[in-house]
Asks: 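This is the structure, below, for whatever I ask next.
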Amino acid sequence: MSTDKKLTTRAGDFSAWYNEVVLRAELADYSPVRGCMVIRPNGYGIWERMQRALDDMFKATGHRNAYFPLFIPESFLHKEAEHVEGFAPEAAVVTHGGGRKLEEPLVVRPTSETIIYSMYAKWVQSYRDLPILINQWANVVRWEMRTRLFLRTLEFLWQEGHTAHATHDEAEAETRLILGVYREFMEQWMAMPVLTGLKTQSEKFAGALRTYACEAMMQDNKALQAGTSHNLGQNFARAFELKFQSESGDQEYAWNTSWGVSTRMIGGLVMTHGDDNGLVTPPRLAPVEVVVVPIWKSDEERTRVLDAAHQLRKDLTAWTGRGDDRLRVHVDGREGVKPGAKYYEWELQGIPLRLELGPRDLDNGACMSARRDTRAKTSLPLTGLAGAVAGLLSSMQADLLQAARNRREANSVRDPITYARFREIMDGEGAFVYAGWNGDPAIEARVKEETKATVRLIPDPEFRSPEAPRTCMVTGEPAVHEVVWAKAY
RNA sequence: CGGGACGUAGCGCAGUCCGGUAGCGCACCUGAAUGGGGUUCAGGGGGUCGCGGGUUCAAAUCCCGCCGUCCCGACCA
């Protein structure tokens with residue numbers, strides 16, 4: 001990491017910019033173990049707010065939390081053919097414990113389908129025991145070859161929901177319901193617009209019938225898969241004998257879903273909103289929404305301004321105009337650090353709103369506000385300040401989403417498009433390209449080979465083009481689907 | 001695992017070619033002044049030079065071996 005005051009710019013080197021923001025905003029740091037990271041308080045604070053918001057949404061849709069163990073018998077992973085193929089290469093395996101070789105090695109969970117459905121099999125006898133709607137917050141381990149802070153690490157934090165249902169349609173409805181929850185969270189909390197849709201067979205979860213996903217566009221025009229929701233069909237139910245007696249008295253296999261989002265979203269947050277001054281945090285996810293920077297010269301001024309700053313914080317946090325969601329305010333009263341230096345520091349950390357409070361402001365019964373996203377400064381009267389602050393925060397939240405949406409649309413290309421032009425785009429600035437596809441996995445593989453771009457989604461109806469593409473971009477054959485192509489993280 | 005680069009103070013680096021007292025910037029500590037967009041001055045602390053062996057009067061520097069990191073590739077919800 002450079003110790004220069006200025007960050008690498010996004011235009012200069014997006015990848016270096018990302019690393020610097022994560023490290024210098026103190027979201028995370030490298031660990032002594034290759035590919036692992038420490039999530040520092042600034043980063044974990046964002047994760048806690050993500051957790052709280054999502055957890056509330058899961059509870060509101062009838063789910064409950066539980067916890068399943070880290071260790072999974074290795075044999076479990078082998079019970080679902082496609083699943084083991086997908087995960088065995090990246091599994092971490094424990095072979096010794098208590099100073100002795102284990103009779104059966106234990107896999108550190110890369111995901112928990114196997115252990116969870118083996119337990120559900122114990123718990124379910126009749127259709128009256130269904131549905132089971134459980135979520136867990138946990139860490140998982142996947143032995144990745146190449147890692148990036150937040151985006152791909154050996155260990156990461158996530159939630160994984162696992163449900164069991166009596167019918168396919170009910171499981172499908174659950175899968176779609178959660179996809180909607182994810183979309184709402186990403187838009188309303190992260191201010192990160194996403195496309196939703198279906199993954200192709202080659203991109204789906206190993207062991208699923210089908211996978212739905214949320215895809216967001218980062219500022220380098222690459223796609224980030226930010227959340228997935230899987231309809232597992234009866235694959236795991238068959239593997240683990242998860243059966244129930246139906247109303248008609250027959251033994252039937254249950255229908256499962258699983259769905260997850262991870263700390264990867266924090267990487268998405270950085271790459272969606274960050275600018276050349278550092279992190280930009282959407283207010284709803286910011287552990288601190290408002291930082292008050294007091295300004296003084298003499299000792300008398302210092303006392304007066306500091307007192308006023310702390311009173312200001314009290315007044316703001318006591319305000320109930322947002323109900324239980326009180327304003328989160330910090331006063332930076334450090335001595336020996338000049339105000340300007342504080343401004344840069346808090347901007348780097350992405351605090352949404354700064355209030356500057358000096359003697360002149362106090363004399364005028366006002367303070368100066370500065371929004372992180374636009375860096376616009378406005379003087380605000382101290383009377384009624386809380387309402388004005390909440391208003392600015394709420395505008396910022398909305399503006400961030402709109403700006404990200406505009407950027408995504410400005411960098412999306414729609415059919416008709418030739419494959420030659422497509423290759424130019426993927427060689428250059430990148431984009432989301434909406435185009436026709438004949439549905440042939442071989443074509444998908446060829447495009448990936450030639451351009452590194454993949455089908456991100458077969459988009460849901462609300463994201464499709466007004467006129468469906470008629471022909472496959474590559475072969476000119478009739479199109480089976482409209483798909484979104486992009487390079488991805 | 002293949003190709004390339006690099007390991008020297010918390011961070012970023014110079015010094016290595018040509019062996020001879022271990023340095024610079026930032027950060028950190030103390031004091032004073034300063035304080036409305038990255039202050040200044042003065043003083044100070046901090047290093048088994050990745051690890052092991054060899055050559056030499058003498059090794060950060062030369063030789064051999066190992067370990068680790070990063071980039072490119074292979075790999076990857």
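Quick note on labels: first sequence line is chain A, next is B, and so on, each numbered from 1.
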Asks: When the distance from OH of A:Y18 to P of B:rC71 is rounded to whole Å, what number comes out?
Replies: 13 Å
Asks: Is it true that A:E82 and A:K204 make a salt bridge, defined as a side-chain N closer than 4.0 Å to a carboxylate O?
Replies: yes
Asks: Classify A:R264 by what it touches in the nucleic acid, base, sugar-phosphate, or nothing, heavy-atom distance under 4.0 Å.
Replies: nothing
Asks: Looking for any heavy atom pair under 4.0 Å, which part of the strands does A:E347 touch: base, sugar-phosphate only, or nothing?
Replies: base
Asks: Regarding A:T211, tell me which of base, sugar-phosphate or nothing describes its non-hydrogen contacts under 4.0 Å with the strands shown.
Replies: nothing
Asks: When A:T257 is tested against each of A:N231, A:T175, A:T163 for side chain to side chain donor-acceptor pair (under 3.5 Å), which residue passes?
Replies: A:T163
Asks: Across the strands shown, which category fits A:R354 at heavy-atom distances under 4.0 angstrom: base, sugar-phosphate, nothing?
Replies: base
Asks: Applying a 4.0 Å non-hydrogen cut-off, can you work out what A:W143 is touching in the nucleic acid: base, sugar-phosphate, or nothing?
Replies: nothing
Asks: How do A:K297 and A:W158 order along RNA chain B: which one's closest nucleotide is nearer the 5' end?
Replies: A:K297
Asks: Given the ring of A:Y212, does A:R176 sit roughly above its face, with NZ or CZ under 6.0 Å from the centre of the six-membered ring and within 45° of the axis?
Replies: yes
Asks: Applying side chain to side chain donor-acceptor pair (under 3.5 Å) to A:R109 and A:T111, what does each step give before you reach the verdict?
Replies: CA-CA 5 Å; A:R109 63 182 163 218; A:T111 178; over 6 Å; no
Asks: Tell me what A:P89 touches on the nucleic acid: a base, only sugar-phosphate, or nothing, going by heavy atoms under 4.0 Å.
Replies: nothing
Asks: Using a heavy-atom cut-off of under 4.0 Å over every strand shown, decide if A:R302 touches base, sugar-phosphate, or nothing.
Replies: nothing
Asks: Classify the nucleic acid contact of A:G336 as base, sugar-phosphate or nothing, counting any heavy atom under 4.0 Å across all strands shown.
Replies: base
Asks: Could you tell me whether A:Y212 contacts a base, only the sugar-phosphate backbone, or nothing, with contacts defined as non-hydrogen atoms closer than 4.0 Å?
Replies: nothing
Asks: Quick check on RNA chain B: between A:S298 and A:K448, whose nearest nucleotide comes earlier from the 5' end?
Replies: A:S298
